[in-house]
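Because only heavy atoms are used, hydrogens play no part in the values below, and waters and symmetry mates are left out as well, while side chains stay in.
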Amino acid sequence: MKLISFVVALTLASVAHAQPAQSEPLLEPLTEAREDETIRTFRLLGRNAIWTKVATVETDFPTFHTEGLVKVGDAFFVSAVEVTASTVRNALSTDSLYDFGVDRSPGAGRGWLFKFDGAGHLLGKVELTRGDVYHPGGIDYDGRYLWVPVAEYRPNSKSDIYRVDPSTLTAELVFQEDDHIGGIVHDTKRHTFHGVSWGSRRLYTWHERGARVLPGSWTPNPSFYIDYQDCHQRGVGFMLCGGLTSYATPVGPVAFGGLELVDLWRSQPVHQIPVNQFVDEGKGPNANLALTHNPFWVESREDGKLRFYFMPESDSKAELLIYDATPWVNR
């Protein structure tokens with residue numbers, strides 16, 4: 001009986017936490033088309049998508065552990081964490097959803113946002129570190145600013161959300177959240193922000209009211225096969241997320257990658273595809289380094305393809321990997 005009462009109480013508490021504050025503005029539905037060309041092409045992709053490698057661009061700077069990627073014009077921006085002291089696990093365990101326990105020490109490091117050109121040359125950088133808050137996540141561009149979440153390097157912690165001018169790399173702290181926010185997008189049409197927690201187990205929403213950002217609310221992510229690492233706003237009320245999860249198999253661990261289109265109005269994925277491509281570091285494809293290992297960016301093409309940019313890191317060094325994805329029906 002005590003167990004039943006505990007489960008009921010936990011469920012009610014989680015539902016209460018997930019509800020938006022009463023002061024949040026109501027959102028009127030938009031009448032314009034929600035899907036853009038990128039979404040329409042992405043919905044045609046499936047397990048039979050044709051992935052073609054276009055180019056590899058070497059970078060001339062230490063990238064550290066890369067997290068999020070954005071392309072603005074001809075310039076690229078990548079967020080990265082430089083770890084100087086690793087975190088240490090304690091005896092506590094957490095599911096990164098309803099349990100907000102902290103299961104490790106903060107460690108130490110520095111958070112970076114790098115700007116580089118299409119040839120891999122560094123154009124500028126800005127440090128985004130505040131004490132134990134040093135882990136940048138997935139980033140996005142809203143047409144004016146880059147949005148960069150920087151968190152403690154542990155689940156259920158705290159985060160700073162910055163907006164950065166892509167021309168000057170001037171960074172401004174806009175709001176904070178008592179959780180690890182691993183990726184964020186800004187919906188300028190509905191004046192909302194949408195983010196994901198550690199492992200993307202919680203899908204967050206924040207509302208803007210003038211210059212203020214109201215306290216956020218979250219709902220559980222109904223998708224579990226990958227953890228989102230980097231997300232980008234697409235169309236009206238959608239974000240496209242990439243990520244991976246490592247699975248134990250009889251032949252050893254395998255990093256399974258994928259891409260998911262998330263409907264932000266319903267807080268749930270509406271189209272999911274596997275990305276069964278792995279990085280070749282000179283000894284053949286590495287089953288532990290999926291192509292969607294953290295940063296990605298995508299652009300639509302006039303030939304019915306999508307051009308993807310990936311930047312997985314190995315040994316604190318990342319190359320820009322460019323691929324075209326062709327839907328089978330457009331082959």
Side-chain angles (χ1 to χ4, degrees), residues 18-43 67-72 77 79 136-151 159-166 171-177 179 181-197 200 202-223 228-243 259-271 296-300:
Q19 297 302 313
Q22 293 298 316
S23 60
E24 292 177 0
L26 296 176
L27 296 176
E28 296 296 332
L30 297 175
T31 57
E32 63 185 278
R34 294 186 61 191
E35 297 189 0
D36 59 12
E37 190 60 35
T38 299
I39 294 178
R40 286 189 286 271
T41 304
F42 181 75
R43 284 186 181 273
E67 299 291 345
L69 183 67
V70 159
K71 183 173 182 280
V72 181
F77 300 82
S79 58
I139 65 177
D140 199 29
Y141 177 62
D142 67 2
R144 182 178 180 185
Y145 294 108
L146 301 166
W147 290 92
V148 185
V150 184
S159 301
D160 296 336
I161 311 300
Y162 292 90
R163 68 181 182 189
V164 180
D165 186 314
E172 178 185 357
L173 177 61
V174 176
F175 68 99
Q176 298 172 299
E177 180 60 56
D179 199 356
I181 303 303
I184 196 164
V185 302
H186 184 207
D187 188 335
T188 58
K189 293 184 179 296
R190 305 191 91 203
H191 306 290
T192 55
F193 291 91
H194 301 271
V196 299
S197 67
S200 67
R202 306 180 188 115
L203 301 179
Y204 272 89
T205 300
W206 300 268
H207 295 260
E208 290 181 284
R209 176 170 290 174
R212 295 175 53 222
V213 178
L214 302 178
S217 60
W218 62 268
T219 59
N221 186 349
S223 178
Y228 307 158
Q229 304 295 319
D230 196 13
C231 296
H232 304 293
Q233 172 88 20
R234 287 294 181 269
V236 179
F238 292 100
M239 69 177 180
L240 184 60
C241 297
L259 294 160
E260 297 197 350
L261 181 66
V262 180
D263 188 331
L264 298 173
W265 296 8
R266 294 185 290 165
S267 293
Q268 66 180 28
V270 293
H271 191 73
F296 87 99
W297 182 254
V298 61
E299 298 174 334
S300 61

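Counting only heavy atoms from C-beta outward, the side chains of V298 and R234 approach each other to under 4.5 Å. Inter-residue side-chain proximity for W297 and L240 is flagged as unmet; no heavy-atom pair is nearer than 4.5 Å. Between H232 and F296, some side-chain heavy-atom pair lies under the 4.5 Å cut-off. Annotation: side chain of S223 is in contact with side chain of Y228 (closest heavy-atom distance under 4.5 Å). Between V164 and F77 the shortest side-chain heavy-atom distance does not fall below 4.5 Å. N221 places none of its side-chain heavy atoms less than 4.5 Å from the side chain of V196. When side chains are defined from C-beta on, L203 does not count as touching H194, because their heavy atoms never get closer than 4.5 Å. Contact of the M239 side chain with the L264 side chain is registered, since non-hydrogen atoms from C-beta on lie closer than 4.5 Å.
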Verify side chain to side chain contact (heavy atoms under 4.5 Å, CB included) between F42 and L259, making sure each step is shown before the conclusion. CA-CA 9 Å; F42 181 75; L259 294 160; 3.8 Å; yes
Chi angles and distances behind the side chain to side chain contact (heavy atoms under 4.5 Å, CB included) call for R34, W265: CA-CA 11 Å; R34 294 186 61 191; W265 296 8; 3.6 Å; yes
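With a 6.0 Å cutoff to the six-membered ring centre and a 45° limit on the axis angle, R190 does not count as a cation-pi contact of W206.
The closest donor-acceptor contact from the side chain of S159 to the backbone of D179 lies under 3.5 Å. Under a 3.5 Å cut-off, the side chain of D230 and the backbone N or O of G138 do not form any donor-acceptor pair. Proximity of a side-chain donor or acceptor of D263 to a complementary backbone N or O of V270 within less than 3.5 Å is not detected. Judged by distance alone, with hydrogens and angles left aside, the side-chain atoms of D140 form a donor-acceptor pair with the main-chain N or O of Q233 at under 3.5 Å.
Rounding to the nearest 0.5 Å gives a distance of 12.5 Å between CZ of F193 and CD of E177. Atom CG of L173 sits about 5.0 Å away from atom CG of D160, to the nearest 0.5 Å. A distance of 12.0 Å separates NZ in K189 from CG in D142, rounded to the nearest 0.5 Å. To the nearest 0.5 Å, atom CD1 of residue I161 and atom CD of residue Q176 are 9.0 Å apart. Interatomic distance, CD of Q229 versus CD of E67, reported as 7.0 Å (0.5 Å rounding). Atom-to-atom distance recorded for T188:OG1 and E208:CD is 8.5 Å, nearest 0.5 angstrom.
In terms of heavy atoms, I184 sits closest to P149 at CG2-CD, 3.7 Å. When every heavy atom of C241 is checked against every heavy atom of V262, the shortest pair comes out as SG-CG2, 4.4 Å. Smallest separation of non-hydrogen atoms from P269 and E260: CG-OE1, 3.5 Å. Closest approach of R40 and E35 over heavy atoms only: NH1-O, 2.8 Å. A pairwise comparison of heavy atoms in P166 and R144 identifies CD-O, 3.4 Å as the closest pair. The two atoms that bring P222 and Q268 nearest to each other are CG-CB, 3.9 Å, heavy atoms only.
Ring planes of Y204 and W218: tilted class, angle from 30 to 60°. Ring geometry, H186 versus W147: the interplanar angle exceeds 60°, so the pair is classed perpendicular (tilted spans 30 to 60°).
Residues satisfying the side-chain hydrogen bond (donor to acceptor under 3.5 Å, both in side chains) criterion with D187, sequence neighbours excluded, are absent altogether. Here D165 pairs with nothing under the salt bridge (charged side-chain N to carboxylate O under 4.0 Å, His left out) rule; sequence neighbours left out.
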